[in-house]
4 protein chains.
Amino acid sequence: MAKKTGEKYQAIIDAAVRVIARQGYYSAQVSKIAKEAKVADGTIYLYFENKDDILISLFNEKMGQFVETNRKRISEATTIEQKLYVLIHAHLSQLSMDQDLAKVTQIELRQSSPIISEGIGNVMKQYFHLIDEVIVEGMEQGVFRSDLEVRITRKMIFGTLDEVTTSWVMKQCKYDLVSYVDSIHNLFLLGMKGKE
Amino acid sequence: MAKKTGEKYQAIIDAAVRVIARQGYYSAQVSKIAKEAKVADGTIYLYFENKDDILISLFNEKMGQFVETNRKRISEATTIEQKLYVLIHAHLSQLSMDQDLAKVTQIELRQSSPIISEGIGNVMKQYFHLIDEVIVEGMEQGVFRSDLEVRITRKMIFGTLDEVTTSWVMKQCKYDLVSYVDSIHNLFLLGMKGKE
Amino acid sequence: MAKKTGEKYQAIIDAAVRVIARQGYYSAQVSKIAKEAKVADGTIYLYFENKDDILISLFNEKMGQFVETNRKRISEATTIEQKLYVLIHAHLSQLSMDQDLAKVTQIELRQSSPIISEGIGNVMKQYFHLIDEVIVEGMEQGVFRSDLEVRITRKMIFGTLDEVTTSWVMKQCKYDLVSYVDSIHNLFLLGMKGKE
Amino acid sequence: MAKKTGEKYQAIIDAAVRVIARQGYYSAQVSKIAKEAKVADGTIYLYFENKDDILISLFNEKMGQFVETNRKRISEATTIEQKLYVLIHAHLSQLSMDQDLAKVTQIELRQSSPIISEGIGNVMKQYFHLIDEVIVEGMEQGVFRSDLEVRITRKMIFGTLDEVTTSWVMKQCKYDLVSYVDSIHNLFLLGMKGKE
DNA sequence: CATGAATGAGCATTCATTCAT
DNA sequence: TATGAATGAATGCTCATTCAT
């Protein structure tokens with residue numbers, strides 16, 4: 001029923017990011033999103049099932065691009081150390097470039113509506129898988145310790161990047177997020193490399 | 001005006017944890033919390049300013065204990081490695097023992113209402129400070145690398161523990177969270193210790 | 001934001017007069033007004049800011065017509081005595097024709113909410129001004145004593161008409177209000193005319 | 001059940017006048033009146049049936065004294081002109097001396113709750129009767145026209161005094177109400193005296 | 001496809017009143 | 001008498017969603 005393409009579809013998604021970043025998901029009325037998208041209230045429902053569906057679609061759309069971009073940039077790196085570096089850099093730089101989106105993903109999407117969690121899960125799995133790939137490749141190449149537990153290591157990586165970003169959002173994005181890349185990379189490498 | 005002590009105060013907080021864990025904050029009607037606490041609707045407002053205040057008080061009350069317990073247990077450890085171990089263990093074991101509370105802190109409290117963020121900030125700062133203390137002590141003792149950046153390292157630690165817990169909550173607390181302690185401890189130690 | 005025209009706007013105002021006359025302002029639930037107007041509760045808020053705004057709008061709408069009608073009828077009278085007569089007659093006859101409205105204006109609108117007082121003040125000023133004009137004209141023509149104090153005289157006129165009407169409303173509108181016109185006219189004329 | 005005497009009874013009534021003058025009847029919570037009277041909430045209900053009863057009792061208590069004072073002062077006057085003068089003077093001067101009370105009687109008591117109207121009616125009747133007596137006496141003495149209609153004349157007198165006072169209250173009691181006495185007296189006399 | 005007026009279910013909060021102490 | 005903690009009914013208002021045009 002809901003048509004998930006077209007110029008207005010994009011306009012609504014972009015409007016939703018702005019309004020939700022500004023007001024929070026629960027305070028972001030559908031009518032305000034419609035207004036921001038220069039579209040009638042009813043039009044929203046030609047493209048989305050309901051309000052939750054806006055949030056889910058928004059996340060999948062934006063996070064899908066995010067994952068795709070990260071994947072591509074990682075694949076362009078050669079050494080495993082570079083891949084890890086690029087992973088960190090791409091994560092932080094992408095979010096620091098779209099602060100409204102960062103606010104929405106770091107804060108607003110941490111809500112419990114099971115429907116939202118479900119809708120979101122798939123893309124997140126892809127991202128987790130992408131991180132896992134880097135870890136496994138590093139282990140196979142003997143760069144990372146062979147006894148690393150992939151899932152835990154991935155949670156450390158994602159958890160750290162996520163915490164760093166959330167903390168930056170909570171502090172109003174006042175400092176330069178990307179400047180953390182080197183330190184984080186270094187910290188991870190030490191933890192993941194075997195001792196010589 | 002709102003009396004923040006007494007048996008009913010506690011009963012309401014505990015009821016709120018259960019109801020919010022079950023339904024999520026926005027779907028948790030005040031009247032349902034009252035019912036769960038076996039108290040009249042109006043009684044809630046003798047102890048709390050408003051619905052937000054329930055969430056904030058709940059967090060401060062529970063998280064205050066959490067931080068206090070962790071601090072105490074850490075102070076009882078002797079070596080710095082043990083302290084780090086206890087920090088991880090206390091974090092995960094405490095949350096894994098009260099799954100309703102874990103659900104609320106990991107999911108429901110990640111909302112953006114500036115009022116809630118503010119009300120929560122203080123206790124979180126204390127916890128961050130506690131982690132920082134361990135890191136700094138380890139550096140001073142020469143156990144951790146002297147070039148660690150405290151803030152980033154703390155974000156790695158907290159971010160990892162938080163991600164591990166959130167992930168566990170999202171998967172319905174189906175597995176044993178505490179079993180991760182050793183791996184995480186090991187991972188952190190490697191990242192934080194100096195290279196020999 | 002609130003659209004102050006249209007068929008539903010009128011329907012709501014008329015319904016409000018009836019419900020408020022029946023129950024009093026504070027006991028008149030918005031939902032009852034909506035039901036009486038055959039409109040959904042929420043529709044009220046497309047046309048009015050809030051409950052107070054219904055009362056204010058109602059008054060301005062109805063009292064605006066009242067003042068306009070009185071002004072027109074006075075202007076059609078020729079002698080000053082006739083104008084005074086018409087003023088009295090128009091006041092009493094209009095209110096006696098719409099008893100629900102009379103009840104609302106005489107009783108319900110005498111409340112202190114400063115917001116309501118403000119919203120009402122403007123129309124009342126116009127009416128007071130209309131009375132003043134008649135008094136001044138009579139003085140200029142030498143029909144009324146030249147030492148009349150306009151403001152006090154106007155308060156006598158308005159106060160008397162108001163008291164007569166309130167008293168009639170309080171007694172359930174059981175007698176004929178208009179039959180008082182001659183006596184009142186006579187009483188005023190004697191007080192206002194110069195002594196010979 | 002409710003004990004209508006005693007020091008606390010008076011304290012509550014006086015507190016009610018102040019609180020209602022300040023906030024209006026509907027916004028004046030019983031608990032605030034209790035606080036102002038330095039009495040527990042429940043104590044109110046040892047002296048009054050319910051909130052309406054406070055308003056009614058307050059009015060009867062205060063207005064009873066008002067009528068009594070006026071009656072006494074009128075009876076001390078000798079000529080009928082003086083009696084009319086004293087009537088006007090006593091009305092305005094008493095209310096201008098207690099502005100809180102004036103606010104309550106002129107504004108807050110004009111509400112429609114039939115229970116309140118009833119409770120109030122009796123004292124008002126006494127006051128109306130007092131005015132009537134002056135009018136009738138004047139007619140019998142041949143000072144006032146023999147064709148005066150007592151009820152209408154009384155409504156003119158009461159209506160004028162009431163309007164003058166309400167208007168003064170609405171303008172924040174900024175000017176001297178008593179200074180109107182002479183003009184009003186003069187105006188009434190001319191209207192009520194026979195033509196020579 | 002698009003509109004936006006209309007809908008009506010849903011909910012936090014207040015406050016007069018009670019009653020065990 | 002006096003207290004004040006507890007009660008719970010009552011209601012204005014919001015806003016996601018629909019549907020006639």
Side-chain angles (χ1 to χ4, degrees), chain A residues 2-3 6-9 12 26-35 37-54, chain B residues 2-3 6-9 12 26-35 37-54, chain C residues 1 3 6-9 12 26-35 37-54, chain D residues 2-3 6-9 12 26-35 37-54:
Chain A
K3 194 193 141 204
E7 183 172 281
K8 293 201 175 175
Y9 176 74
I12 292 167
Y26 273 94
S27 305
Q29 300 103 307
V30 172
S31 66
K32 223 165 238 171
I33 295 174
K35 201 176 196 179
K38 290 176 190 181
V39 142
D41 291 17
T43 304
I44 299 263
Y45 292 87
L46 298 175
Y47 294 91
F48 301 88
E49 304 284 352
N50 50 41
K51 192 182 169 186
D52 278 357
D53 188 33
I54 301 178
Chain B
K3 196 189 135 207
E7 169 176 290
K8 295 205 172 168
Y9 176 73
I12 293 166
Y26 274 95
S27 305
Q29 298 105 308
V30 172
S31 65
K32 222 164 243 172
I33 295 174
K35 202 175 199 178
K38 291 179 189 180
V39 141
D41 290 18
T43 304
I44 299 264
Y45 293 88
L46 296 177
Y47 294 91
F48 301 89
E49 305 283 353
N50 50 44
K51 194 182 168 186
D52 277 358
D53 189 33
I54 301 178
Chain C
M1 198 136 284
K3 195 187 137 208
E7 168 175 292
K8 296 206 172 168
Y9 176 75
I12 293 166
Y26 274 94
S27 306
Q29 299 106 306
V30 173
S31 65
K32 222 164 243 171
I33 295 175
K35 200 174 199 179
K38 289 176 190 180
V39 141
D41 290 18
T43 304
I44 300 264
Y45 294 88
L46 295 177
Y47 294 92
F48 301 89
E49 305 283 352
N50 49 44
K51 194 182 168 187
D52 277 358
D53 189 35
I54 301 178
Chain D
K3 193 192 138 203
E7 185 171 277
K8 294 202 173 171
Y9 176 75
I12 293 166
Y26 274 94
S27 305
Q29 300 104 305
V30 173
S31 66
K32 224 167 238 170
I33 295 175
K35 200 175 196 181
K38 290 175 190 181
V39 141
D41 291 17
T43 305
I44 300 263
Y45 293 87
L46 297 176
Y47 293 92
F48 301 89
E49 305 282 354
N50 50 43
K51 191 182 171 186
D52 278 357
D53 189 33
I54 302 178

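A, B, ... follow the sequence lines: proteins, then strands. Residue 1 opens every chain. Just so you know, these numbers use all the heavy atoms, side chains as well, and skip hydrogens, waters and symmetry mates.
- Between the P atom of E:dA2 and the OH atom of A:Y9 lies a distance of 15 Å, rounded to the nearest Å.
- The side chain of D:T43 contributes an N or O atom lying less than 4.0 Å from OP1 or OP2 of F:dT3.
- C:K51 has its NZ atom 8 Å from the P atom of F:dC13, to the nearest Å.
- The 5' end of DNA chain F is approached more closely, in terms of each residue's nearest nucleotide, by B:A40 than by the other of B:A40 and C:Q29.
- When both distances must be under 3.5 Å, the Watson-Crick or G-U wobble mate of E:dT21 is F:dA2.
- Phosphate proximity of F:dA5 to B:K8: absent, as no side-chain N or O sits under 4.0 Å from OP1 or OP2.
- A straight line from CD1 of D:I54 to P of E:dA16 spans 9 Å, rounded to a whole angstrom.
- Mapping D:D52 and A:G42 onto DNA chain E by nearest heavy atom places A:G42 at the nucleotide closer to the 5' end.
- Neither OP1 nor OP2 of E:dA5 sits under 4.0 Å from any side-chain N or O of C:Y47.
- Note that the CD1 atom of A:I12 and the CD1 atom of A:I44 stand 4.5 Å from one another [nearest 0.5 Å].
- Between the side chain of C:K32 and the backbone N or O of C:S27 there is no donor-acceptor pair closer than 3.5 Å.
- Comparing C:V39 and B:Y26 by the nucleotide of DNA chain E whose heavy atom lies nearest to each, the residue mapping closer to the 5' end is C:V39.
- In this pair, B:Y47 and B:Y9 present their aromatic rings tilted. The plane angle is within the 30 to 60° band.
- For C:L46, taking side-chain heavy atoms from C-beta onward, the closest of the listed nucleotides F:dG12, E:dA5, E:dA12 is E:dA5.
- Note that the NZ atom of C:K38 and the NZ atom of C:K8 stand 12.5 Å from one another [nearest 0.5 Å].
- When rounded to the nearest whole Å, the span between CG of A:N50 and C1' of F:dT18 equals 13 Å.
- One can place CG of A:D41 at 10 Å from C1' of E:dA5, the figure rounded to the nearest angstrom.
- The interatomic distance linking A:I33 (CD1) with F:dT17 (C1') rounds to 14 Å, in whole Å.
- In this entry the distance linking NZ of A:K32 with P of F:dA16 reads 10 Å, nearest Å.
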> Checking side-chain contact (heavy atoms from CB on, under 4.5 Å) for the pair B:D53/B:N50: CA distance, chi angles, key distance, verdict?
Replying inline: CA-CA 5 Å; B:D53 189 33; B:N50 50 44; 3.5 Å; yes
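- If you measure from atom CZ of B:F48 to atom C1' of F:dA6, you get 15 Å, rounded to the nearest angstrom.
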